[in-house]
Amino acid sequence: MVVLSAGILLYRRGPATGSPADSPAGPPADSPASPLAGSAPGPRADLEVWIAHMGGPFWANKEVRAWSVPKGEYSPGEEPWLAAQREFAEEMGSPPPPADYFRLGDFKQPSGKVITVFAAESDFTPEEIRSNTFPLEWPKGSGRIQQFPEIDRAAWTAEAEARALLVRGQVPVLDALLTRLGGRPPGPAEAG
């Protein structure tokens, strides 16, 4: 059976003002840990997207390909839009902001999971991020169950940088957003 997931991609337009690398929770922009330090802007340098860094020990020391659209699984028969709202609230600690949402599309992931993504323009500015948690035996084989946040931080990220940070299967979500907004997805040489 296909695993279904639904999520929300918020975007805003204007001067690109920052990235996860510039936030207090991320490395300085000129740090070698910043995946795109010194890289050229993409086809929509004015576009930022709200993405989340995945929580838990596997993702703790990773930046590149360790971010995601806020999303989560839902059951067959459940409305994807309701699931997307629930999952956003669980991962962000607040409901999605009021906005004109539209269904961006369904995106099949390398695992076979299908993510239904809804998008909207918003200047979402939460005071804090309070994600729900999940249990995991850690260290593996220790018999010790610990709780980890599903996401450990989220940030507005320039579209070009988000291409390097998002897990590879979610990069087509950015392409669909650019197409919807009248931009052009980057060619193979630009995509990195």
Side-chain angles (χ1 to χ4, degrees), residues 2-20 23 42-55 66-132 134 149-186:
V2 174
V3 176
L4 302 172
S5 185
I8 292 176
L9 179 64
L10 299 176
Y11 66 92
R12 66 183 183 185
R13 303 178 230 212
T17 56
S19 69
S23 72
R44 284 297 303 262
D46 67 326
L47 184 66
E48 292 181 314
V49 292
W50 181 258
I51 58 175
H53 185 268
M54 293 182 278
W67 291 70
S68 175
V69 170
K71 62 167 183 50
E73 293 180 10
Y74 67 96
S75 303
E78 185 179 2
E79 289 295 324
W81 171 235
L82 295 177
Q85 292 175 79
R86 178 192 67 237
E87 294 298 327
F88 186 95
E90 287 180 0
E91 292 188 351
M92 296 298 115
S94 61
D100 293 327
Y101 290 90
F102 56 89
R103 187 173 180 147
L104 188 58
D106 297 330
F107 303 89
K108 188 171 183 178
Q109 302 301 286
S111 66
K113 177 189 288 188
V114 176
I115 303 172
T116 300
V117 178
F118 298 88
E121 187 167 6
S122 174
D123 194 17
F124 181 64
T125 51
E127 290 184 26
E128 68 177 324
I129 303 297
R130 290 181 321 275
S131 178
N132 58 336
F134 65 93
E150 283 196 28
I151 63 105
D152 55 25
R153 64 189 184 278
W156 285 108
T157 308
E159 181 267 333
E161 186 170 1
R163 288 184 174 282
L165 296 177
L166 283 171
V167 291
R168 194 169 305 279
Q170 292 182 24
V171 172
V173 174
L174 296 177
D175 293 340
L177 181 62
L178 286 177
T179 299
R180 175 74 182 240
L181 298 179
R184 68 170 178 84

- Message: On a heavy-atom basis, which atom in Pro95 and which in Ala89 lie closest, and how many Å separate them?
- Response: CA-CB, 4.0 Å
- Taking everything shown except Glu79 itself, do over 12 heavy atoms lie less than 6.0 Å from its CD? no
- Note on the structure: Across all chains, not counting sequence neighbours, the side-chain contact (heavy atoms from CB on, under 4.5 Å) partners of Pro149 are Ser131, Asp152
- Query: Going from CG on Leu174 to CG on Leu47, what distance comes out if it is rounded to the nearest 0.5 angstrom?
  - Reply: 8.0 Å
- Contact check, side chains of Val167 and Met54, non-hydrogen atoms, under 4.5 Å: yes
- Any side-chain heavy-atom pair from Leu177 and Glu159 closer than 4.5 angstrom? no
- Do Phe88 and Val69 touch side chain to side chain, with heavy atoms closer than 4.5 Å? no
- Message: Are the side chains of Gln109 and Gln170 in contact, using a 4.5 Å heavy-atom criterion?
- Response: yes
- All heavy atoms of Arg12 vs all of Ser122, minimum pair found to be CB-O, 3.5 Å
- Task: May I ask you to test the Asp100-Phe102 pair for a side-chain heavy-atom distance under 4.5 Å?
- Result: no
- Message: With rounding to the nearest 0.5 angstrom, report the CG to OG distance, Leu165 to Ser68.
- Response: 11.5 Å
- What heavy-atom pair brings Val2 and Gly112 nearest, and what distance separates the two atoms? CG1-O, 3.8 Å
- Could you please spell out the steps behind the side-chain contact (heavy atoms from CB on, under 4.5 Å) verdict for Leu181 and Arg13? CA-CA 10 Å; Leu181 298 179; Arg13 303 178 230 212; 3.7 Å; yes
- Query: Atom OG of Ser5 and atom CZ of Phe107: how far apart are they, to the nearest 0.5 Å?
  - Reply: 12.0 Å
- Query: What class does the angle between the rings of Phe124 and Trp50 fall in, given that below 30° is parallel, 30 to 60° is tilted and above 60° is perpendicular?
  - Reply: perpendicular
- Message: Return the CH2 to NE2 distance between Trp67 and His53, rounded to the nearest 0.5 Å.
- Response: 6.0 Å
- Query: Is the closest side-chain heavy-atom distance between Arg153 and Ile129 below 4.5 Å?
  - Reply: no
- Message: Using a strict threshold of under 4.0 Å (side-chain N to carboxylate O), is an ion pair present between Glu87 and Lys71?
- Response: no
- Query: Which heavy-atom pair separates Tyr74 from Pro80 by the least distance, and what is that distance?
  - Reply: OH-CG, 3.4 Å
- Message: The test is side-chain contact (heavy atoms from CB on, under 4.5 Å); show your working for Leu9 and Val173 and say whether it passes.
- Response: CA-CA 9 Å; Leu9 179 64; Val173 174; 3.7 Å; yes
- Nearest-0.5 Å distance that lies between atom CG in Asn132 and atom CD in Glu91: 6.5 Å
- Query: Does Glu127 CD have over 12 foreign heavy atoms under 6.0 Å away?
  - Reply: no
- Note on the structure: On a heavy-atom basis, the closest approach of Met92 and Ala52 is CE-CB, 4.0 Å
- List the atom of Pro172, the atom of Gly169, and the distance in Å for their closest heavy-atom pair. CD-O, 3.4 Å
- Separation between CG (Leu104) and CD1 (Ile115), nearest 0.5 Å, reads 11.5 Å
- Can you tell if the side chain of Leu10 reaches within under 4.5 Å of the side chain of Pro97, non-hydrogen atoms only? yes
- Is the shortest heavy-atom distance from the side chain of Thr116 to the side chain of Trp81 under 4.5 Å? no
